[in-house]
Amino acid sequence: MANLATRAADRLVTRAQTGIVERLRAAGAITPQHAAALSPARRGERRVLERMVKFGAVVAAREGHYWLDERALPHFRKEELARLLGALAVAGFAAAGAIAMGR
């Protein structure tokens with residue numbers, strides 16, 4: 001059950017991340033001078049954008065305008081993968097503990 005939930009969350013995060021990156025690239029927003037307006041409608045996308053900005057993979061140029069730092073993006077993706085794997089490990093340990101307690 002936890003594995004299914006983790007995979008679903010992973011797909012949503014990956015889809016949101018890919019959507020943000022694709023929109024910024026399509027707008028040519030890969031330098032501060034070409035920052036583009038970006039306002040994610042869905043809560044999950046807003047949360048991913050906040051994490052990307054906090055990490056520095058997406059940079060806020062001015063209110064509602066962002067640009068993509070292509071050099072930081074691969075590092076962000078590695079960190080996100082580590083975060084998701086950590087969540088999966090915690091879920092696995094919790095499931096194993098629940099099974100062990102049930103015996």
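Everything numeric in this text was worked out from a predicted model, so none of it was measured.
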Task: Close side-chain approach of Asp69 to Trp67, heavy-atom, < 4.5 Å - done: yes

Task: Distance (rounded to the nearest 0.5 Å) between Phe55 CZ and Arg77 CZ - done: 12.0 Å

Open item on the list: Quick one: does any side-chain atom of His75 pair with a main-chain N or O of Leu73 as donor and acceptor, under 3.5 Å?
Closed with: no

- [ ] Using a 4.5 Å cut-off on heavy atoms from C-beta on, say whether the side chain of His65 contacts that of Leu38.
- [x] no

Open item on the list: Are Leu24 and Ile30 packed together at the side-chain level, in the sense that at least one heavy-atom pair is separated by less than 4.5 angstrom?
Closed with: no

TODO: Report yes or no: do Gln17 and Arg51 form a side-chain donor-acceptor pair below 3.5 Å?
DONE: no

- [ ] Report the C-alpha separation of Tyr66 and Ile20 in whole Å, then their side-chain angles, then the decisive distance to 0.1 Å, and conclude whether the side chain to side chain contact (heavy atoms under 4.5 Å, CB included) test is met.
- [x] CA-CA 10 Å; Tyr66 302 90; Ile20 291 168; over 6 Å; no

TODO: Go through Arg25 and Leu68 one step at a time and tell me if the side chain to side chain contact (heavy atoms under 4.5 Å, CB included) criterion holds.
DONE: CA-CA 7 Å; Arg25 283 180 178 159; Leu68 179 66; 3.8 Å; yes

- [ ] Of all the heavy-atom pairs spanning Ala72 and Ala57, show the shortest one and how long it is.
- [x] CB-CA, 3.9 Å

Open item on the list: Testing the basics here: between Pro40 and Arg46, what is the closest heavy-atom pair and its distance to 0.1 Å?
Closed with: O-CG, 3.5 Å

Task: Sidechain N-carboxylate O distance under 4.0 Å for Glu45, Arg15 - done: no

TODO: Indicate the atoms forming the closest heavy-atom contact of Ala36 with Ala27, along with that distance.
DONE: CB-CB, 3.6 Å

Open item on the list: Looking at Arg47, I want to see if its CZ is surrounded by more than 12 non-hydrogen atoms of other residues, nucleotides or ligands under 6.0 Å.
Closed with: no

